[in-house]
Amino acid sequence: MRVLIAEDDPALAALLAKGLRRRALAVDVAQDGAEALERLAVDDYDVLVLDRDLPRVHGDEVCRRLAAERARVRILMLTAAAAPAERVAGLNLGADDYLPKPFDYDELVARVLALGRRARAPLPPVLERAGIRVDIGRRQAFRDGAYLPLSLKEFGILEALLSADGAVVSAERLLETVWDANTDPFTNTVKVTLSKLRGKLGRPEVIETVIGAGYRIR
């Protein structure tokens, strides 16, 4: 799942990004509404955490534009205004959910994850293929019944390959869905992480490299 946080408070944005990344989400940050719209035009996000009172382009206008474009991204609007009328106004602009500040962090994470599930085609709670079993809810992976101690990025790659159901997934697609925009597109981080994942999966080899196309699990 890929998330964009549009928040002009650098400390709060950094805190939210750090926490969501711990949940194996790819997270980018925009400091104002104009930057948020630029990022949304380039990258495919599942959820936008949108502060309503953004500089340059107001959060309301960001919401209006995305609604007019019928954008796929789901919007969680944040604001210091907690009155019911303000919540109704935010939802009427096109937001999918609304959370007043100050908010409980665990509740925000739960709302982001719920919106992410609505943004994408639903996956079964457990993915299984080639003797590999991934429990998405518990963030656990097994091969032939043996627990696999995977890092967040290794788990993200394995989930992406299994959810492709045997289809080839390109390195670019893995970079987009498992990492964030701060990752150098010319880096070899996908290959390095795949190599570590293969080592933990053991023999026989289950991740196939398709030359010039990407990777798959048959």
Side-chain angles (χ1 to χ4, degrees), residues 1-120 122-123 125 135-139 152-153 155-156 159 176-182:
M1 187 188 303
R2 191 163 188 180
V3 178
L4 175 63
I5 298 172
E7 169 61 60
D8 64 332
D9 182 337
L12 177 58
L15 181 65
L16 293 177
K18 182 178 180 180
L20 290 173
R21 285 171 183 147
R22 286 176 176 169
R23 300 297 297 267
L25 306 184
V27 183
D28 297 321
V29 175
Q31 297 286 322
D32 56 63
E35 184 184 357
L37 288 171
E38 290 170 2
R39 287 186 175 273
L40 288 159
V42 174
D43 295 311
D44 185 22
Y45 292 98
D46 297 297
V47 179
L48 168 63
V49 179
L50 177 66
D51 180 34
R52 191 169 186 180
D53 298 314
L54 287 175
R56 295 182 67 193
V57 178
H58 196 272
D60 287 0
E61 181 60 22
V62 173
C63 227
R64 287 192 191 96
R65 294 189 194 183
L66 293 174
E69 296 167 3
R70 297 187 178 183
R72 184 185 69 87
V73 64
R74 301 291 183 171
I75 302 171
L76 172 60
M77 184 175 280
L78 305 178
T79 182
E86 292 290 334
R87 300 186 191 189
V88 172
L91 293 170
N92 286 339
L93 287 168
D96 298 281
D97 201 355
Y98 196 96
L99 193 59
K101 298 178 180 179
F103 50 80
D104 179 80
Y105 178 74
D106 289 336
E107 180 181 2
L108 180 139
V109 172
R111 288 174 183 263
V112 168
L113 294 175
L115 289 176
R117 289 192 292 270
R118 289 166 56 188
R120 300 187 298 173
L123 288 174
D135 187 320
I136 296 176
R138 292 184 173 87
R139 313 300 295 177
L152 292 177
K153 298 305 183 186
F155 188 94
E159 179 182 339
E176 289 173 1
T177 55
V178 182
W179 281 266
D180 55 42
N182 294 319

*Side-chain heavy atoms of L25 within contact of R2, under 4.5 Å*: no
*asked:* Does any part of the side chain of V73, heavy atoms only, come nearer than 4.5 Å to the side chain of L40, both counted from C-beta?
replied: yes
*Go through the structure and list residues passing side-chain contact (heavy atoms from CB on, under 4.5 Å) with D8, not counting sequence neighbours.*
D51, L54, P55
*Side chains of V112 and V49 in contact at under 4.5 Å (non-hydrogen atoms)*: yes
*Do the side chains of L113 and R23 get nearer than 4.5 Å, heavy atoms only?*
yes
_Among residues at least two apart in sequence or on other chains, which ones pass side chain to side chain donor-acceptor pair (under 3.5 Å) with D135?_
R138
*Any side-chain heavy atom of L115 within less than 4.5 Å of one from I75?*
no
*Compare every heavy atom of A36 with every heavy atom of A6, then report the nearest pair and how far apart it is.*
CB-CB, 4.0 Å
*asked:* Which residues pass the salt bridge (charged side-chain N to carboxylate O under 4.0 Å, His left out) test with R64, not counting sequence neighbours?
replied: E61
*Would you please name every residue forming a side-chain contact (heavy atoms from CB on, under 4.5 Å) with V62, sequence neighbours left out?*
L37, L48, L50, V57, L66
*Could you pull out all residues at least two apart from E35 that satisfy side-chain contact (heavy atoms from CB on, under 4.5 Å)?*
A30, Q31, D32, R39
_Working for side chain to side chain contact (heavy atoms under 4.5 Å, CB included), residues V47 and L4_ = CA-CA 6 Å; V47 179; L4 175 63; over 6 Å; no
*Using the side chain to side chain donor-acceptor pair (under 3.5 Å) rule, collect all pairs that involve residues 105-115, keeping only residues at least two apart or in two chains.*
D97-R111, E107-R111
*Hey, mind stepping through V3 and D28 against side chain to side chain contact (heavy atoms under 4.5 Å, CB included) and telling me if it holds?*
CA-CA 6 Å; V3 178; D28 297 321; over 6 Å; no
_Residues which pass salt bridge (charged side-chain N to carboxylate O under 4.0 Å, His left out) with E38, listed by chain and number, not counting sequence neighbours_ = none
_Results of side-chain contact (heavy atoms from CB on, under 4.5 Å) for D9 - residues two or more places apart only_ = E7, A11, L12
_Nearest heavy atoms of A34 and R56, plus distance in Å_ = CB-CZ, 3.5 Å
*For D60, all residues meeting side chain to side chain donor-acceptor pair (under 3.5 Å), sequence neighbours excluded*: R52
*Do the charged groups of R74 and D96 touch, with an N to O distance under 4.0 Å?*
yes
*Does any non-hydrogen side-chain atom of L152 lie less than 4.5 Å from one of R21?*
no
*Kindly indicate, with the supporting measurements, whether the criterion side chain to side chain contact (heavy atoms under 4.5 Å, CB included) is fulfilled by L78 and Y98.*
CA-CA 6 Å; L78 305 178; Y98 196 96; over 6 Å; no
